[in-house]
Amino acid sequence: MPLSTLNAEQLSAATAPLGQNLIIASAGTGKTSTIVGRIAHLLQNGMDPSKILLLTFTNKAAGEMIARLERYFPKKIVSKIESGTFHAVSYRWLKELHPNLALKQPSELKTLFRSIYEKRNFERMNLPLAPFSATYLYEMYSLYQNASLEGFDEWFLEKYPEHDVIMDAYMDIVQEFEKEKIDYGFASFNDLLLRIKTYLESNTIHFEEVLVDEYQDTNTLQGALIDTLRPRSLFCVGDYDQSIYAFNGANIENIATFSTRYPEANVFTLKTNYRSTAPILSLANRVIERNERIYPKKLEVGRHGKTHPPRLLMYNDLFEQYQSIAQSIKHTHVPNDNIAVIFRNNSSADGIEASLREVGIPCKRKGGTSFFDAKEIKFLLDLLSLLVNPKDMMAFIHIFEYASGVGSALSKEFFQCFLHFGNGNFMQGVLYPVNSELPNLKPNKNVQLGLFDDDHEIGSATRFKHLDLPGNVYGHPLLKHPRIIQDGVKFFNDFYTLMNDIRAERDPAKILRTATSSKLYSGIIDMLSTQRGRLKSGEVDEEKKKLARERILRKAGLLLDLSRQYKELGRFVNAMVLGGGELSEGEGVNLLTVHASKGLEFPEVYVVDLVDGRFPNRKMMSSIEEERRLFYVAVTRAKDKLYLSLAKYDKVKKIDYKPSQFLHEAGLVKGEFVEPEPKKARKKKTAETDQ
DNA sequence: CGGTTAGGGGTTTTT
DNA sequence: CCCCTAACCG
């Protein structure tokens with residue numbers, strides 16, 4: 001049974017009485033085993049599994065814990081446990097209340113936000129200071145939703161009192177953004193939590209025990225969500241030294257004030273580290289001890305035997321560093337997937353990946369340009385999104401931007417045309433238009449300038465006659481649009497054919513099969529593979545193009561495989577948004593950001609680019625303490641061997657680097673770290689104004 | 001000119 | 001991938 005493998009401190013935590021329990025679990029102390037043991041304990045004592053809620057930071061983590069429980073309990077019981085990330089669980093509940101919920105990627109919502117922002121004319125407002133850019137304002141708004149429960153204006157002005165004069169305009173943008181989201185039927189990640197919180201304020205979903213993993217990274221909103229759940233018992237597991245999500249509103253106060261908020265709380269500490277060797281742990285501790293100790297803890301080494309001291313690798317040039325690491329990985333006897341290369345920023349990944357490829361070592365990346373960011377996959381998902389939610393203008397715009405001569409503005413007009421042709425029903429407007437006149441596009445222009453008014457119908461009937469299109473496309477009112485050209489009409493014809501083929505189908509796999517074999521998609525494949533097969537000289541290398549084409553087809557096939565588990569199209573599309581980033585492709589050496597490495601462990605770890613400015617990141621650093629925690633997380637991933645590396649110079653960018661202060665703190669570089677003169681920081685957060 | 005579209009150069013971290 | 005700038009259109 002899972003409980004019999006626990007040590008004394010883990011067991012006393014796992015069998016704690018119902019109530020408020022906080023488990024301080026340092027890196028590698030068997031946190032997962034303790035949570036699994038806790039659930040086993042609850043089940044053994046007869047708790048109804050459907051009254052247990054397990055909240056984790058990634059869906060993968062939840063899946064692993066559930067899988068471990070299935071080794072000891074019948075699947076029928078374990079599957080009743082409610083589990084997943086805050087977002088996944090909220091989505092599951094909301095889907096019952098709002099079946100048409102359409103989850104959107106943050107980047108999409110940012111684009112929507114920007115388009116609203118850009119309608120405002122700040123120059124005309126004669127402002128005494130430059131307003132924040134759309135991007136920065138969006139990021140702040142998003143952070144606010146996670147970090148605060150008060151009004152946006154209050155929260156914002158506390159940070160930037162001088163923006164008082166623009167606050168009304170900011171609020172106006174935010175309000176319009178909220179309205180547009182509802183009009184388009186969109187929900188953001190934050191909306192999932194916000195909406196379920198609102199629901200819970202007047203309704204109850206009762207749980208006997210709620211377990212929260214990675215409690216140190218819960219933000220204020222998630223904290224409030226736990227509060228509104230009001231479970232009979234709470235079991236929170238975390239380590240304040242591993243709190244690394246401040247940028248997402250993670251509130252270390254949640255864990256720091258647990259025992260004052262719940263005076264009856266039990267606090268358990270897991271002290272014995274079974275993961276890393278003594279020298280690795282002592283290095284980690286030396287550094288992290290410079291941060292304030294919130295709860296007392298002292299790590300004890302659970303592993304004995306032969307050890308390798310952590311090694312500092314210092315190089316003269318950036319690429320020499322990557323190439324040398326690739327060589328060292330090539331010559332080690334450890335299997336590739338037992339090795340991780342960990343970095344602070346994704347910008348390190350390309351160089352490492354290229355160097356590994358050079359010597360023929362396979363590698364996989366999590367984050368960065370993921371599977372779902374690939375254009376060929378995004379296109380298919382946009383098609384599906386549009387089928388699920390025909391109000392999804394963003395998805396439509398992305399699809400039609402592939403037609404040559406069509407950009408985002410014209411694509412948007414086309415969408416409005418279809419809505420008009422179908423009396424508000426998009427699909428109707430595409431397939432069976434009831435209005436055959438163009439809508440009045442940009443009425444202000446027409447009225448003020450008297451332009452374009454009578455251009456609308458020019459050549460509409462005859463312009464595309466030679467294309468030999470089927471009658472229903474040839475007679476479609478979209479062809480009357482003055483700015484559609486031949487390629488656009490051909491694209492529309494293929495789009496029309498596909499929509500006609502899949503309009504009645506609801507099964508995700510069948511739709512994908514039709515879509516991937518459609519003429520529309522083969523056009524996309526051709527365009528993308530030609531682009532990717534192009535050499536620096538501009539010529540297309542047929543071999544390279546063929547390879548790109550095969551890669552695209554393989555990816556599309558993978559998406560099709562994923563879709564087979566889903567019966568309902570909407571759930572499939574949302575699942576791809578919700579869990580998409582967690583999928584990593586292929587086999588080989590693991591390339592990870594520190595954030596992505598959380599919760600994982602590897603026999604051999606390389607932490608690279610440990611130079612001042614990059615790690616710690618000095619550009620937009622929230623605090624040196626947080627950067628130190630990031631360093632702590634990175635090094636405590638290592639079980640047996642730890643390499644810390646840096647290069648003193650980047651000859652491509654011509655930048656000199658100094659060793660990271662954490663290497664001084666670790667005692668690997670002699671002497672106390674001296675902070676360099678702060679360079680004039682480029683202000684990126686303010687928008688350019690003409691004055 | 002104004003509004004778009006298309007292509008080139010720099011990047012913090014995530015559900 | 002996001003921001004900027006150079007061509008392009010009516």
Side-chain angles (χ1 to χ4, degrees), chain A residues 55-62 84-91 103-108 110-111 114 118 133-136 138-139 142-143 145-146 187-193 214 217-219 221-222 243-250 342-350 366-370 373-375 378 401 403-413 442 445 448-449 451-452 455 458 482-483 485 488 531 534 538 574-575 577-582 592-598 609 613-622 626-627 629-630 633-634 652-653 682 684 687-688:
Chain A
L55 295 167
T56 54
F57 198 78
T58 64
N59 289 301
K60 195 174 150 216
T85 60
F86 279 86
H87 295 90
V89 168
S90 300
Y91 170 73
L103 200 50
K104 274 284 171 189
Q105 296 281 9
S107 60
E108 296 279 284
K110 195 171 171 178
T111 307
R114 197 167 42 227
E118 279 164 0
S133 68
T135 307
Y136 189 70
Y138 173 81
E139 277 160 15
S142 188
L143 173 63
Q145 291 187 306
N146 282 298
S188 67
F189 282 114
N190 295 345
D191 290 332
L192 293 177
L193 306 191
E214 309 283 6
D217 282 320
T218 52
N219 57 43
L221 175 57
Q222 290 165 333
S243 175
I244 54 174
Y245 279 86
F247 70 89
N248 196 33
I342 298 177
F343 33 82
R344 174 68 180 87
N345 332 317
N346 260 314
S347 55
S348 301
D350 284 340
K366 200 189 142 197
T369 316
S370 81
D373 293 328
K375 287 198 168 77
K378 265 208 84 211
E401 273 177 317
S404 64
V406 181
S408 57
L410 187 53
S411 200
K412 185 175 177 177
E413 280 193 17
K442 298 190 185 166
K445 281 242 154 58
Q448 281 181 344
L449 303 170
L451 291 173
F452 312 123
D455 287 1
I458 287 184
R483 291 185 52 210
I485 56 171
Q531 220 171 60
R534 211 175 283 281
N574 286 326
V577 179
L578 212 47
E582 294 179 27
L592 303 157
T593 62
V594 183
H595 287 90
S597 77
K598 184 165 93 157
D609 288 333
R614 288 177 67 150
F615 197 168
N617 187 316
R618 289 198 186 275
K619 254 185 208 153
M620 235 181 230
M621 184 167 72
S622 59
E626 175 115 342
E627 295 291 315
R629 289 192 288 267
L630 279 158
V633 169
V652 180
K653 288 185 186 162
R682 273 186 300 156
K684 232 190 160 174
E688 228 79 53

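First the proteins, then the strands, lettered A, B, ... as listed; each starts at 1.
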Checklist entry - Just how far, in rounded Å, is P of B:dT11 from CG of A:Asn345? => result 10 Å
Checklist entry - Which of the following nucleotides, B:dT13, B:dT5, B:dT15, is nearest to the side chain of A:Arg483? => result B:dT5
Checklist entry - Using purine N1 to pyrimidine N3 plus N6-O4 or O6-N4 for Watson-Crick, or N1-O2 and O6-N3 for G-U wobble, both under 3.5 Å, which nucleotide pairs with B:dG3? => result C:dC8
Checklist outcome for this item: Per atom distances to the A:Arg344 side chain, the nearest of B:dT5, B:dT12, B:dT15 is B:dT12
Checklist entry - Just to confirm, is there a sub-4.0 Å distance from OP1 or OP2 of B:dT14 to any side-chain nitrogen or oxygen of A:Thr593? => result yes
Checklist entry - Is any side-chain N or O of A:Asn59 closer than 4.0 Å to OP1 or OP2 of B:dT15? => result no
Checklist entry - Where the side chain of A:Phe247 is concerned, which of B:dT14, B:dT4, B:dT12 is the nearest nucleotide? => result B:dT14
Item to check | Below 4.0 Å: OP1/OP2 of C:dC2 and any side-chain N or O of A:Thr135 | outcome: no
Next on the checklist: Considering every strand and a 4.0 Å limit on heavy-atom distances, what is the contact class for A:Arg114: base, sugar-phosphate, or nothing?
Outcome noted: sugar-phosphate
Next on the checklist: Starting the side chain at C-beta, find the nucleotide from C:dC2, B:dT15, B:dT13 nearest to A:Ser107.
Outcome noted: C:dC2
Checklist entry - With no hydrogens and no angle check, is any side-chain donor or acceptor of A:Gln145 less than 3.5 Å from a backbone partner on A:Ser142? => result no
Checklist entry - Heavy atoms under 4.0 Å, any strand shown: does A:Leu410 hit a base, just sugar-phosphate, or nothing? => result sugar-phosphate
Next on the checklist: Counting only side-chain heavy atoms from C-beta out, which of C:dC1, B:dT14, B:dT5 sits nearest to A:Tyr245?
Outcome noted: B:dT14
